[in-house]
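Worksheet for the structure shown next.
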Amino acid sequence: MSEQYDLIVVGSGAAGLSVALGSGGGLRVAVVSRGVAGLDGATCWAQGGLAAAVGQGDSAGQHAVDTITAGARHNHKSAVRWMTESAPDVLRWLLAMGMQFDTVNGRIALGREAAHTFPRILHAGGDATGAELARVLREAAMRQSWIDRHEFADACEILKHGNQAVGVLVRNRRGEQMRLLAPSVVLATGGIGQLYRHTSNPAEADGSGLALAHVAGAELVDLEFVQFHPTALSPRADDPSTQLPLVTEALRGAGCQLINDQGARFMVAASSQAELAPRDVVARAVYDQLTRGNRVFLDVRPLGDRVRAQFPNFVQICAQRGLDPRVQPIPIVPAAHYHMGGIKVDLHSMSRVPGLYAVGEVACTGVHGANRLASNSLLEAIAFGKALGERLAQRGPVAPITRVDPVVGHAARAESTNDQMVLGRLRQLMWSDVGIVRSSESLQSALGQIQVLERRCLAGAPVLRQLTTARLIVEACLRRRESLGAHYIGGATHAHWSPRSGQAVA
Ligand code: SIN
C-alpha cells in the first residue's frame with residue numbers, strides 16, 4: 001500500500017514538528033512517529049531551556065563565541081552564526097503559537113547557565129521547558145488538516161529511485177508495511193542515548209535514523225562526539241530502565257554540591273570551577289568516583305524550600321522515588337545525553353542524497369562542534385526545522401512519485417526477544433568501552449564484539465540498525481586518536497563500572 005505526499009517528516013519532536021508547521025499549509029505533509037505525535041522524542045523531556053541572546057548587552061555574536069568555545073572550536077562557524085541570529089525569529093514564532101515562557105515583572109525571564117557569558121536561557125514551567133514546547137507544537141500540528149499523522153509507525157527504510165530519496169517504508173503496530181512517497185524526506189529521529197546503559201533520552205532515541213541514512217548513502221560525521229550529562233537520577237538496584245530522569249545542571253548553578261558517600265566534595269579537587277566546571281569535566285569526575293566504588297550524590301539541601309518553586313519537576317521526580325531533596329542528598333549517575341555528530345547537512349539541512357534532509361539531533365549542522373553548549377539544542381532544532389519547512393513550501397506541491405527502486409530489506413523483520421537481548425548487551429558494551437572515558441583498547445574490543453553481534457543477527461533484524469550505528473560510532477572514535485571536546489581518550493586500562501551494583505569491576 002502507498003500514500004503520496006509532498007513532504008515526509010520522520011520524527012515528531014521539536015525539529016520534526018517545526019519542519020511540518022514551517023511548511024505553512026501549502027504542502028501535503030506526513031509526520032511519522034514511533035509513539036503519539038509530539039509526545040515521543042526527547043523534546044518533552046528537556047529540562048534546560050532555550051538559548052537566545054535577547055537580553056541587554058548580549059548579542060548573537062557573543063552567543064556564537066560561547067557556542068564555539070564550548071564546542072572546542074570544532075564548530076561550523078557560519079552555521080553557529082546563522083543559528084544565534086535566528087533566535088529572535090524563533091521566539092516570535094513560538095510566542096505567536098502560544099508558548100508560555102517564565103516571566104519576571106511581566107517580561108520573559110532570562111536565566112544564566114554555565115559557559116554562557118550572559119543570562120540568555122528562556123525557561124517554561126521552571127525546569128519543564130520541553131514539555132511546554134512539545135505542548136505548543138503538538139497542539140498547532142493537530143489543528144492543521146494538511147498534516148497527516150502516522151503514529152506508532154517505525155520507519156524501516158528510506159525508499160529511493162536511483163540516487164534520489166523518494167519516500168519511507170514504515171511498519172505499523174500490527175506489523176503491516178506501507179510506502180509513504182514524497183520527493184522530500186526529512187529525518188528528525190533524534191539522538192542515540194538508547195545505545196547506552198544509562199541515558200536521559202527516551203526509547204525512540206536509539207540511533208536508528210543514522211542507520212537508515214547510512215544505508216541510503218548519506219554521509220555521517222563527528223559520530224565520536226557523545227555528550228554525557230553528569231547528573232541523572234541513579235536507578236534503584238532492581239530497576240532495569242535505560243532512561244533516567246535528568247537532574248538539571250541548573251541545580252548546580254543554584255549552589256548545589258556534588259559529594260561522594262564519604263561526604264567529600266570531590267569536584268573541588270577536580271577543577272578550579274568545582275561544580276560549575278564544563279559538563280564533560282564534571283561527568284568524568286563523577287565517573288571516576290563510581291569506578292573507585294564510591295556512590296555520588298547531589299546535595300540540594302542548601303536550597304531548602306526554594307527547590308519546590310524553582311525546580312518543581314525535579315522535586316516531583318524525586319518524590320516518585322520516595323526521595324525528599326530538602327532533607328537528603330540525591331543519588332546520581334552520569335548518562336548519555338546528546339549526540340553532536342550525525343547526518344552531515346549543509347546550511348539548508350540537505351544531506352548529500354538528493355531529497356533527503358535531516359534536522360535536530362540526528363543531523364550534524366556543525367553548530368555544536370565537539371561539545372554542545374547547554375540549551376542550544378532546542379534553538380537549533382526549531383531554527384533549522386522551521387527554515388527547512390519554509391524553503392520546501394516555496395517549491396509548492398509536486399507530481400506524484402511513480403518510480404521506486406526495490407527495497408534493501410533493512411529492518412524487514414518484526415522485533416524479536418533476541419533483538420532485545422542483543423540491544424541489552426550492546427548498551428553495556430557502549431557504556432563501559434565507548435563511554436565517558438575511552439581507550440584504543442576498549443574501542444578495539446567494542447568493535448570486535450559489535451561485529452560478532454552483527455554476525456549473530458538474522459538479516460533484516462531491527463537491532464541491526466542499532467548495531468550499525470554503534471559500529472559507526474566506534475569506528476569514528478578509533479579514527480580520532482586525541483581527546484577533543486566530549487571525546488575523551490583516557491588510560492589504556494579502565495575499570496568497568498557496574499550500574500546495577502554500583503561497584504567497579506575490573
Ligand atoms: C540541563 O538542564 O542540565 C540540561 C540542559 C541541556 O542539556 O541543554
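Being a predicted model, the structure only gives us computed values, none of them experimental. Counting starts at 1 for both ligands and their atoms, in listed order.
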Name the residues with a heavy atom less than 4.0 Å from ligand 1?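 Residues G48, H229, L246, T248, E249, R279, H337, R372, A374, S375 each place a heavy atom under 4.0 Å from ligand 1, listed by chain and number.
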Single hit among R34, R465, Q194 for side-chain hydrogen bond (donor to acceptor under 3.5 Å, both in side chains) with D206 =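 Of all the options given, the one that passes is R34.
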Next item on the list: Apply side chain to side chain donor-acceptor pair (under 3.5 Å) to H337 and S200, showing your working.
Entry: CA-CA 5 Å; H337 185 52; S200 59; 2.6 Å; yes
Would a distance-only check, ignoring hydrogens and angles, find a side-chain to backbone donor-acceptor pair under 3.5 Å from [X] to [Y]?
X: E151; Y: S33; result: no
X: S351; Y: L356; result: yes
X: S442; Y: R438; result: no

### Query
Does the ring of Y196 carry R427 above it, NZ/CZ under 6.0 angstrom from centre and within 45° of its axis?
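The answer is no; the distance or angle limit is not met.
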